[in-house]
Amino acid sequence: MTVVAVVVLLIAAIAFANRGGSDGDGGGESGNAASDGKDGTAPRAQPTAPSGEKPVKNSPNALASGFPHSERGAQSAAANYVVALSGDGMFTTASREEIVDSVYAPSVAAERKTDLDKVYGDPKFLKKVGLNEEGKAPKDSTFVARTTPVGTKVIDYKDKKAKVAVWYSSLFGLAGEDSKRPVTESWYTNTFELSWVDGDWKVTDFEQKDGPTPIGKDQAASSADEMADAVKGFGGFTYAR
């Protein structure tokens, strides 16, 4: 679990906020926007309302991009970025560099690559999580690193700056009959600092904390084969508001 925490801390992500706005850009319906906290009340989540615009551009095997210059767009960016930064693509050099270039602002991307390479490129670290020096899982095992955003919250928003928190669950481990690191679930909230750069939202900084964590239901754990089949058979989502 310590290793998982280190991984998630280094890969950082954005929190999801559903604060309503008077211009219809928040999560609430027109005339029923959520409080922004300026009147002394705490911001509260609102269901997503249809906006009539396509919020992101994406294609198979590509990271979502082209987020709207709005609170809703910042939330979409944060949710999608936490998925990318927490996925198995971070464990191989080529895909990790592509992810970092797509997610982080150019002003911080080079430094972030260096930081991440020190961890993900360390054979000792990879061995601890059950992977070889190339970031590959052992034969007959499936490496699982997948994040599911549960919600987002806008902490602050200005024209070219946004601070968004994402609450999410994380699956991490090796699915295999002889695995000593079975797939486990963890919960985190990541808060990202975003900047509007070259027509899109990009990450400049982040912080992370554990939870909120629900009580686990009394369910029998699935077999290694069932878990591996689920990861291979169920694709992920593009998150948008």
Side-chain angles (χ1 to χ4, degrees), residues 11-60 62-87 98-109 112 147-169 188-209 236-241:
I11 58 185
I14 269 184
F16 185 101
N18 292 328
R19 186 172 57 127
S22 59
D23 62 354
D25 188 43
E29 298 289 350
S30 176
N32 189 32
S35 168
D36 61 6
K38 295 180 181 179
D39 60 357
T41 61
R44 59 185 184 276
Q46 292 289 304
T48 298
S51 65
E53 66 179 16
K54 180 177 175 57
V56 296
K57 300 174 183 177
N58 66 338
S59 59
L63 293 175
S65 62
F67 301 99
H69 190 184
S70 63
E71 287 191 24
R72 183 180 283 115
Q75 293 179 71
S76 294
N80 281 283
Y81 290 166
V82 73
V83 172
L85 291 167
S86 303
E98 181 180 357
I99 291 170
V100 172
D101 284 335
S102 297
V103 169
Y104 284 93
S107 60
V108 301
R112 181 55 58 197
T147 285
T148 303
V150 176
T152 62
K153 181 170 63 176
V154 173
I155 306 300
D156 191 24
Y157 182 84
K158 296 180 175 63
D159 183 47
K160 293 187 177 181
K161 299 286 185 181
K163 188 174 184 179
V164 184
V166 180
W167 179 34
Y168 63 95
S169 64
Y188 303 94
T189 296
N190 281 14
T191 301
F192 277 103
E193 301 281 350
L194 299 173
S195 291
W196 184 253
V197 180
D198 296 331
D200 215 344
W201 289 108
K202 300 295 181 180
V203 177
T204 55
D205 200 2
F206 74 93
E207 60 183 17
Q208 181 199 56
K209 67 177 183 179
F237 292 97
T238 295
Y239 295 87
R241 293 182 60 74

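Side chains of Pro149 and Val83 form a contact here, defined as non-hydrogen atoms less than 4.5 Å apart. Using a 4.5 Å cut-off on side-chain heavy atoms (C-beta onward), Tyr104 and Leu85 make contact. Within the 4.5 Å cutoff, the side chain of Gln208 has no heavy atoms near those of the Thr191 side chain. At a threshold of 4.5 Å between non-hydrogen side-chain atoms, the residues Asn190 and Tyr168 count as touching.
Take Ser102 and apply the side chain to side chain donor-acceptor pair (under 3.5 Å) test, not counting sequence neighbours, and it matches no residue. Listed by chain and number, the residues in a side-chain contact (heavy atoms from CB on, under 4.5 Å) with Ser107 are Ala105 (sequence neighbours excluded). For the side chain to side chain donor-acceptor pair (under 3.5 Å) test, no residue two or more places apart in sequence or in another chain qualifies with Lys209. Not a single salt bridge (Lys or Arg N to Asp or Glu O under 4.0 Å) links Lys160 to another residue, sequence neighbours left out.
Side-chain polar atoms of Lys202 and Ser195 form no donor-acceptor pair below 3.5 angstrom.
Nearest heavy atom pair, residue Leu63 against residue Glu98, reads CD1-O, 4.5 Å. Minimum interatomic distance between Ala79 and Val82 (heavy atoms only, all atoms of both residues): O-CG1, 3.1 Å. Summarising the geometry of Ala109 relative to Asp101, their closest heavy-atom pair is CB-OD1, 4.3 Å, with the distance given to 0.1 Å. Residue Leu194 comes nearest to Trp201 through the heavy atom pair CB-CE3, 3.9 Å, listed as atom of the first residue, atom of the second, then distance. Counting all heavy atoms, side chain and backbone alike, Asp200 lies closest to Gly66 at OD2-N, 2.8 Å.
Taking the ring centroids of Phe67 and Tyr81, they lie under the 6.0 Å cut-off.
Considering CD1 of Ile99 and CZ of Arg112, their distance stands at 14.0 Å, rounded to 0.5 Å.
Between the Asn80 side chain and the Thr238 main chain, no donor and acceptor come within less than 3.5 Å of each other. In this structure, Thr204 contributes its side chain and Glu193 its backbone to a donor-acceptor pair below 3.5 Å. Checking side-chain atoms of His69 against main-chain N and O of Ala74 turns up no donor-acceptor pair under 3.5 Å.
Using a 4.0 Å cut-off between charged side-chain N and carboxylate O, Asp156 and Lys158 make a salt bridge.
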